[in-house]
Amino acid sequence: MSAAVRRNGQKLFFRFSSMPELPEVEAIRRQVQQVVAGGLIEKVRVHRRDVVRDRSARRKGRLSVDHVGQHQVIESVDRRGKQLVVLFSSSGGMIIRLGMSGRITIEEGLNRHPVPPHRHLVWTITPPKSSQKQIKMSFIDPRRFGGVYLFDSVEDCQSRLLTGLGPEATSIRGNRLHDLLGGTRRSLKAALLDQSVLAGIGNIYADEALHRAGLHPARTGDSISRPESTRLAAAIRSTLRVAIEAGGSTLRDHILPDGSSGGFIKNHRVYGRGGFPCLGCQGPLEVLTIAARTTTFCPTCQH
DNA sequence: AGGATAGCCTGCGGGC
DNA sequence: TGCCCGCAGGCTATCC
């Protein structure tokens, strides 16, 4: 993530490239909201149709740029779990899922030919204040796990696209979490990754929260006591809060005093640190595959 | 029916 | 140096 740098002679307001989990999506939301709220979408370019996922029967096979917001005024940019909810003044809108590799850029004067690969949609937006320049918002996603989902109304969005999502991880409390986990024999890791249990946790923050709570990722949901649920809920909230306050960067760029890059120093305590010492007990962190996901934990501190 | 698993997709890094 | 292979993971479909 970076802000207002110049690249190829064009002003690039911001660009996100780290793996988008809830804190990254929230950082993107705040910036996008600030720039585009109240703006009019003058033009939409769809470079890859299949990135627009539209299961509305009314529009089946008839996708036009109007459906992706052309001529619409952007009312707000909200977030639900890891999804961006762009609401138009007409009450329709679109959900943007970033998946694994999705990015959103907002730039001035973007007019490159040919269009760079993976730049699937470009919205040309006129901001509400006439003093502000027209901007281009792009959805870029090399792996295309992400996508744009259209809805006709807030009700349609709720019933078709957001239904089945669990409560927001950012505000989960112990009692509620205990209820959510108590009914399952799956591992804590699998349950935390399930968006219908809790909305917003991905692989990184699942591992981070479990380590902070001192809970073994392979423990089953129904084995968790109330005090443990309280600990886990607190760990989830604080982990996400700190990450959001840090601007959503899961990886932070550090330059050592001697000028060498030093690679990346990570903010997280366990994710990506398999074999390295636990910051609690100094013992080596272990790596397991749980719920088909790489899981890093401390066998001493997590029970 | 809950839970596990395969598959989507490209970039990147390790190994040879 | 360059190529190949495996891994990364959010989410859906499918199977058990």
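Side-chain atoms are counted along with the backbone in the values below, which use heavy atoms only and exclude waters and symmetry mates. The chains referred to below are lettered A, B, ... by the order of the sequence lines, with proteins before strands, and numbering in each begins at 1.
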Residues forming a ring pair (Phe, Tyr, Trp, His ring centres under 6.0 Å) with A:His216, sequence neighbours excluded: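 By the ring pair (Phe, Tyr, Trp, His ring centres under 6.0 Å) rule, A:His216 matches A:Phe297.
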
Sugar-phosphate, base or nothing in reach of A:Ser101, heavy atoms under 4.0 Å: nothing

Rounded off to whole Å, could you give me the [atom1]-to-[atom2] distance for the [X] and [N] pair?
| X | N | atom1 | atom2 | value |
| --- | --- | --- | --- | --- |
| A:Arg143 | C:dG9 | CZ | C1' | 7 Å |
| A:Arg185 | B:dA1 | CZ | C1' | 16 Å |
| A:Arg103 | B:dC9 | CZ | C1' | 15 Å |
| A:Leu288 | C:dC7 | CG | C1' | 17 Å |
| A:Met100 | C:dC7 | CE | P | 15 Å |
| A:Asp194 | B:dT5 | CG | C1' | 14 Å |
| A:Arg53 | C:dC11 | CZ | P | 12 Å |
| A:Arg186 | B:dA1 | CZ | C1' | 12 Å |

From [options], nucleotide with atom closest to [X] side chain:
| X | options | result |
| --- | --- | --- |
| A:Lys82 | C:dG9, B:dA4, C:dC11 | C:dC11 |
| A:Arg97 | B:dT10, C:dT12, C:dG10 | C:dT12 |
| A:His118 | B:dG3, B:dT10, C:dG9 | B:dT10 |
| A:Glu21 | C:dA8, C:dG10, B:dG11 | C:dG10 |
| A:Gln195 | B:dG11, C:dC11, B:dG3 | C:dC11 |

Side-chain N or O of [X] closer than 4.0 Å to phosphate OP1/OP2 of [N]:
| X | N | answer |
| --- | --- | --- |
| A:Arg144 | B:dT10 | yes |
| A:Tyr271 | C:dG9 | yes |
| A:Thr184 | B:dG3 | yes |

Pairs satisfying salt bridge (charged side-chain N to carboxylate O under 4.0 Å, His left out), at least one member in residues 190-203 of chain A, at least two apart: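 For residues 190-203 of chain A, and leaving out neighbouring residues, the salt bridge (charged side-chain N to carboxylate O under 4.0 Å, His left out) pairs sorted by first residue read A:Arg186-A:Asp194.
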
For A:His211 against A:Gln302, the heavy-atom pair lying closest together: CD2-OE1, 3.2 Å

hbond_proxy A:Arg293 side chain to C:dA8 base (donor-acceptor, 3.5 Å cutoff):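 Check fails, no donor-acceptor contact within cut-off.
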
Side-chain ion pair, A:Asp207 and A:Arg269, N-O less than 4.0 Å: no

Charged tip of A:Arg160 within 45° of A:Phe151 ring normal and under 6.0 Å: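 Cation-pi check for A:Arg160 and A:Phe151: fails.
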
Aromatic ring of A:Phe145 stacked on base six-ring of B:dC8, 5.5 Å, 30°: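 It does: the ring sits over the base of B:dC8.
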
